[in-house]
> 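Please see the structure below; I have some questions.
Fair warning: this is a prediction, and the values are worked out from it, not measured in the lab.
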Amino acid sequence: MIPLLAVLTVLAASVTIIGSVLGASRSMGYWPGHLWAKAFCMLSLVKVRVRGRENIDRRTSYVFVANHQGAYDIFAIYGYLGHNFRWMMKKSLERIPFVGFSCRVSGHIYVDNSSPSATAHTMATAEKQLSGGMSVVVFPEGSRSRDGRMHAFRRGAFKLATEFSLPVVPVTIDGAYGVMPRGSVLPRPGSITLTIHAPIHASSETGRHELSELMERSADAIASALPEAQKPR
């Protein structure tokens, strides 16, 4: 599995870079990665089930927020969410050879909070991407869970939704911790369930979200589809 997936990773990154340089970054930022992620799951004997896909519209831009159980969260969402999007990711991931560059040229968003001007640049990049049905996916916990439980959310993703009055779609990932928890080198065969919850829209009266309420409603929705052992303490 490993040599084949290494070849597929280089191939997907190459197609993404070439297509993006030729002006097709909108599709190249999604389709090669989408197929690569599905191949990862199939070759490692991981089955992904999706519930609630009828809750989203491909023509609408969303901020998707999901709990972060393990490395296979990325493959499950990229391969099975069924909606064109860009990742919002740590800037440190840009240093991954080849893959980091392919993510940049195809429009994925590196989050840089090192200074007020860097943060403003991140927000401007996100605003440029969020149009015509393009969405973003964020793991508001910031990093993978160490114990399988969902942990406190950071405000960044929700500030983005508040700034641009975008609907927020909570997504529950269940099973990825069992497939490949943090610290594991190899995955185990298993199953992952993605639950796509109903979008949370901005207030009809103000046209905006209230930040603390948005964070609470999103966390409650995600936790509702987790087994008791993985819900927040």
Side-chain angles (χ1 to χ4, degrees), residues 56 61-78 81 83 85-96 100 103-104 107-130 134-174 176-177 180-183 194-203 208-226 230-233:
I56 57 176
S61 296
Y62 300 104
V63 175
F64 291 97
V65 293
N67 59 311
H68 202 2
Q69 291 192 337
Y72 267 69
D73 297 341
I74 295 169
F75 307 131
I77 287 182
Y78 220 162
L81 181 63
H83 194 290
F85 68 88
R86 293 295 179 267
W87 293 104
M88 289 194 74
M89 60 184 78
K90 297 177 182 178
K91 188 169 176 58
S92 60
L93 298 176
E94 190 176 13
R95 295 196 294 267
I96 299 174
C103 288
R104 174 164 291 284
H108 294 285
I109 303 161
Y110 288 108
V111 178
D112 184 357
N113 291 322
S114 60
S115 67
S117 61
T119 301
H121 178 71
T122 297
M123 294 295 283
T125 302
E127 183 177 18
K128 183 179 178 181
Q129 290 290 353
L130 286 164
M134 183 66 73
S135 298
V136 295
V137 174
V138 192
F139 296 118
E141 290 169 276
S143 59
R144 289 168 290 167
S145 173
R146 293 185 180 275
D147 57 6
R149 286 188 180 271
M150 190 175 92
H151 293 274
F153 287 174
R154 300 179 182 181
R155 297 156 62 96
F158 303 97
K159 284 184 177 179
L160 182 70
T162 301
E163 179 75 19
F164 305 129
S165 298
L166 290 170
V168 172
V169 178
V171 178
T172 304
I173 301 172
D174 178 24
Y177 185 77
M180 193 173 181
R182 187 169 180 169
L194 289 185
T195 302
I196 304 170
H197 300 276
I200 302 172
H201 294 276
S203 168
R208 298 182 64 85
H209 291 287
E210 200 284 311
L211 184 60
S212 59
E213 179 187 3
L214 178 61
M215 292 178 67
E216 183 177 355
R217 290 179 64 188
S218 298
D220 287 347
I222 293 171
S224 70
L226 287 172
Q230 294 178 354
K231 292 184 178 183
R233 294 185 185 279

> Return a table of donor-acceptor pairs under 3.5 angstrom between the side chains of residues 71-78 and protein atoms on other chains or two or more places apart.
residue, atom, partner, partner atom, Å
Tyr72, OH, Ser44, OG, 2.8
Asp73, OD2, His68, ND1, 2.6
Asp73, OD2, Gln69, N, 2.5
Asp73, OD2, Gly70, N, 2.9
Tyr78, OH, Gly29, O, 2.8
Tyr78, OH, His108, NE2, 3.4

> Are Thr122 and Ile109 packed together at the side-chain level, in the sense that at least one heavy-atom pair is separated by less than 4.5 angstrom?
yes
> For Arg144, what residues pass the side-chain hydrogen bond (donor to acceptor under 3.5 Å, both in side chains) criterion, not counting sequence neighbours?
none
> Using the side-chain hydrogen bond (donor to acceptor under 3.5 Å, both in side chains) rule, collect all pairs that involve residues 146-158, keeping only residues at least two apart or in two chains.
Ser145-Asp147, Asp147-His151
> Write down the atom of Leu166, the atom of Ser61, and the distance for their closest heavy-atom approach.
CD2-O, 3.9 Å
> Less than 4.5 Å apart, any side-chain heavy atom of Pro140 and any of Met215?
no
> Just verifying a value: how many Å separate Leu194 CG and Leu81 CG, rounded to the nearest 0.5 Å?
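Answer rounded to 0.5 Å: 7.0 Å.
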> Kindly compute the distance separating CD1 (Ile222) from CZ (Arg217), expressed to the nearest 0.5 Å.
13.0 Å
> At what distance, to the nearest 0.5 angstrom, does CD of Glu216 lie from CD1 of Ile200?
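Taking CD in Glu216 and CD1 in Ile200, the distance rounds to 10.5 Å.
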> Listed by chain and number, what are the side-chain hydrogen bond (donor to acceptor under 3.5 Å, both in side chains) partners of Asp174, not counting sequence neighbours?
none
> Passes ring-ring contact (aromatic ring centres under 6.0 Å, His included), His83 versus Tyr62? Steps please.
CA-CA 10 Å; His83 194 290; Tyr62 300 104; 5.6 Å; yes
> Side-chain contact, heavy-atom cut-off 4.5 Å: Thr162 with Arg208?
yes
> Using the side-chain hydrogen bond (donor to acceptor under 3.5 Å, both in side chains) criterion, which residues pair with Thr172? Sequence neighbours excluded.
His197
> Say you draw a straight line from CG of Leu214 to OG of Ser203; how long is it, rounded to the nearest 0.5 Å?
12.0 Å
> Is any side-chain heavy atom of Val136 closer than 4.5 Å to one of Phe85?
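A side-chain contact under 4.5 Å is absent here.
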> Taking atom NZ as the centre, does Lys128 end up with more than 12 heavy-atom neighbours from other residues, nucleotides or ligands that are less than 6.0 angstrom away?
no
> How many angstroms lie between atom CG of Leu211 and atom CD of Glu163, to the nearest 0.5 angstrom?
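Reported value, rounded in 0.5 Å steps: 11.5 Å.
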> Can you check whether Trp87 and Phe139 have ring centres sitting under 6.0 Å from each other?
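That pair passes the under 6.0 Å test.
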> Begin from the C-alpha positions of Arg182 and Ser143 and carry the test side chain to side chain contact (heavy atoms under 4.5 Å, CB included) through to its verdict.
CA-CA 10 Å; Arg182 187 169 180 169; Ser143 59; 3.7 Å; yes
> Just verifying a value: how many Å separate Gln230 CD and Ile173 CD1, rounded to the nearest 0.5 Å?
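One gets 11.0 Å once the value is rounded to the nearest 0.5 Å.
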> Mind running side-chain hydrogen bond (donor to acceptor under 3.5 Å, both in side chains) on Glu210 and Ser212 for me, showing each step along the way?
CA-CA 6 Å; Glu210 200 284 311; Ser212 59; 2.8 Å; yes
> Answer yes or no: is there a side-chain heavy-atom contact under 4.5 Å between Phe158 and His209?
no
> Quick check: do Pro167 and Val63 have side-chain heavy atoms less than 4.5 Å from each other?
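No, too far: nothing below the 4.5 Å cut-off.
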> With side chain to side chain contact (heavy atoms under 4.5 Å, CB included) as the test, would you mind laying out the steps for Ile56 and Val169 before giving the verdict?
CA-CA 8 Å; Ile56 57 176; Val169 178; 4.1 Å; yes
> Go through it in stages, so that I can follow the logic: the residues are Cys103 and Tyr110, the test is side chain to side chain contact (heavy atoms under 4.5 Å, CB included), and I'd like the CA-CA distance, side-chain angles, deciding distance and then a yes or no.
CA-CA 9 Å; Cys103 288; Tyr110 288 108; 3.3 Å; yes
> Partners of Thr195 by side-chain hydrogen bond (donor to acceptor under 3.5 Å, both in side chains), sequence neighbours excluded?
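Here the qualifying residues are Arg51.
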> Taking all non-hydrogen atoms of both residues into account, name the closest pair between Phe64 and Ser135 and its distance.
CE1-CB, 3.7 Å
> Determine whether Met150 and Lys231 make a side-chain contact, defined as any pair of heavy atoms from C-beta on separated by less than 4.5 Å.
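Result no, sub-4.5 Å side-chain heavy-atom pair not found.
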> Does some side-chain heavy atom of Leu160 sit less than 4.5 Å from a side-chain heavy atom of Glu127?
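Glu127 vs Leu160: side chains apart.
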